[in-house]
Amino acid sequence: MKKIICYSNQVLSIFLLIVGIVLTSCTEDMAPITVSSVTLDTTSMTLTEGDSQTITATISPSDAENKTILWISSNSSVASVRGGVVTAIAPGTATITAKTEDGAKTATCKVTVVAKVYPVTSVSLDKTSASLTEGETITLTATVNPDNATNKNVSWKSSNTSVASVVDGKVTAVKAGTTTITVTTEDGNKTATCDITVNAKVYPVTSVSLNKTSASLTEGETITLTATVNPDNATNKNVSWKSSNTSVATVVDGKVTAVKAGTTTITVTTEDGNKTATCDITVNAKVYPVTSVSLNKTSAEVVVGNKLTLVATVKPSNAQNKNVSWKSSNTSVATVSSTGEVLALAKGTAYIIVTTEDGKYTAQCKVSVVSKVVNGGNEDTSDENWGI
């Protein structure tokens, strides 16, 4: 009986071992397959604003039971991600992470977002023409289109910098003239222009003066008066001239010509402001000096007691001073009056001399004084032989 029982225990042990093996095998077959890793088909990408791209994630092992992936963006304002689709939002960088639900395995992709380029289509200025005065400034404003153009940089240029210069749209008038201000876009070289006219700055006249306030001239003489208009940089220096008495002196462009003796006032007047200055002119008669004197007789015979009138001619005819003096070389023979009247006194010879006051020029007449002529012893009373 003991032997039978012993065999029975042995069989039971074997049976139990087999059952355990079977149960163990069944348990192993029923355990889930877990994720060991995840990879992405790209580890970096560059996108332009608004563009999108899909990232593909691969889970290992391929027969892992839970393949759910969570997608995460480190900066959703730069790039967002949904179901592996990355959308570029704004320039910058973001890291996209794929994370497995099973095991929290991760893989990343660096995303760089660049700005979208909006090309310039045109540029315009707020003014197409403008007038300035020397020294003035004006600021031109450039509008680049479209409003969202990526590169709105512009450059400025003046066609004639001696007339007006330009810096960042600020135009400075330099001197009178015309120039064209051009703005050019950096993107596309689009241009717009503004025509600039620069007018000379007006510096008003404050006063005028003459180099002389009085002058004396002789008939026929000239003098040039110089007018100084103040300030020195006055814009309009034009002046006009006038004589208060043109019969005494005339004036043309400051040149005064004496006409005849008298007085006059020369006035200069500025065109701008009617400022005046004067010069008093005194004109003296021209002196024509004596050049010679002559007598109507160079010799004469006069009877005692008779008279002879000599006439002096002073040259030139327009000599200023025609005064003369008379003299007899022998007053016992003949005398002469201040008017040239000769009186024969006694027989003999006398020279009547006339002398000009101006220049002391002289002329003379030889006067022979004779006695009365007697015919046939009788005194001749006829006039024939009385003074030649």
Side-chain angles (χ1 to χ4, degrees), residues 131 133-135 162-163 174-178 197-296 311-326 338-340 354-363:
S131 292
T133 298
E134 289 174 329
S162 66
V163 171
V174 179
K175 71 173 185 178
T178 59
T197 299
V198 177
N199 301 306
K201 186 173 181 178
V202 176
Y203 295 91
V205 170
T206 57
S207 66
V208 63
S209 61
L210 290 173
N211 59 323
K212 292 180 181 294
T213 57
S214 64
S216 292
L217 300 175
T218 299
E219 290 174 329
E221 285 186 341
T222 63
I223 188 175
T224 299
L225 299 177
T226 301
T228 300
V229 177
N230 298 306
D232 186 60
N233 62 346
T235 301
N236 181 358
K237 291 188 173 184
N238 294 338
V239 296
S240 59
W241 299 84
K242 184 179 179 182
S243 169
S244 64
N245 191 341
T246 55
S247 65
V248 171
T250 60
V251 61
V252 177
D253 295 332
K255 184 178 180 180
V256 180
T257 301
V259 178
K260 73 173 184 178
T263 59
T264 186
T265 299
I266 303 300
T267 302
V268 63
T269 304
T270 63
E271 188 174 281
D272 175 22
N274 290 317
K275 308 297 182 181
T276 61
T278 60
C279 178
D280 295 325
I281 300 292
T282 299
V283 177
N284 302 305
K286 185 173 181 178
V287 176
Y288 295 91
V290 172
T291 58
S292 66
V293 65
S294 61
L295 292 172
N296 59 325
V311 178
T313 300
V314 177
K315 292 186 177 180
S317 61
N318 61 349
Q320 196 77 23
N321 182 358
K322 291 187 177 183
N323 295 335
V324 295
S325 61
W326 298 87
S338 61
T339 60
V354 64
T355 303
T356 62
E357 188 176 281
D358 176 18
K360 304 300 180 181
Y361 292 95
T362 63

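Owing to the predicted nature of the structure, the values given are computational and were not obtained by experimental measurement. Quick note: residue numbers are just sequence positions, from 1.
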#### Entry: Any donor-acceptor pair under 3.5 Å from T356 side chain to Y361 backbone
yes
### N211 vs L225, side chain to side chain contact (heavy atoms under 4.5 Å, CB included): CA-CA, chis, key distance, verdict
CA-CA 6 Å; N211 59 323; L225 299 177; 4.0 Å; yes
### Query
K322 side chain to V290 main-chain N or O, any donor-acceptor pair under 3.5 Å?
no
### Message
Can you list everything that forms a side-chain contact (heavy atoms from CB on, under 4.5 Å) with T235? Sequence neighbours excluded, please.
### Response
V202, Y203
### Query
Who pairs with P231 by side-chain contact (heavy atoms from CB on, under 4.5 Å), at least two apart in sequence or on another chain?
T206, N233, A234
### Task
Can you establish whether the number of heavy atoms outside N318 located under 6.0 Å from its atom CG is more than 12?
yes
### Query
Is there side-chain contact between D272 and P204, with heavy atoms separated by less than 4.5 Å?
yes
### Query
Hey, is K212 close enough to D280 for a salt bridge, meaning N to O under 4.0 Å?
no
### Summary
Separation between OG1 (T355) and CG (N323), nearest 0.5 Å, reads 12.5 Å
### Task
Looking only at non-hydrogen atoms, find the nearest pair between G262 and V248 and report the distance.
C-CG1, 3.5 Å
### side-chain contact (heavy atoms from CB on, under 4.5 Å) partners of A227, counting only residues at least two apart
V208, L210, W241, V268
### Message
Is it true that, when you exclude K242 itself, more than 12 heavy atoms of the residues, nucleotides or ligands shown sit nearer than 6.0 Å to its NZ?
### Response
no
### Task
Report yes if the side chains of V259 and T250 come closer than 4.5 Å at any heavy-atom pair, otherwise no.
yes
Side-chain donor-acceptor contacts of residues 217-224 below 3.5 Å, not counting sequence neighbours, with atom names and distances?
from	atom 1	to	atom 2	distance (Å)
E219	OE1	K286	N	2.9
E219	OE2	A261	N	3.3
E221	OE1	T218	N	3.0

### Query
S162: what forms a side-chain hydrogen bond (donor to acceptor under 3.5 Å, both in side chains) with it, not counting sequence neighbours?
N160
### Message
Can you give me the closest heavy-atom contact between S214 and C279, atom names plus distance?
### Response
N-SG, 3.5 Å
### Summary
side-chain hydrogen bond (donor to acceptor under 3.5 Å, both in side chains) filter on T264, not counting sequence neighbours, yields S243, S244
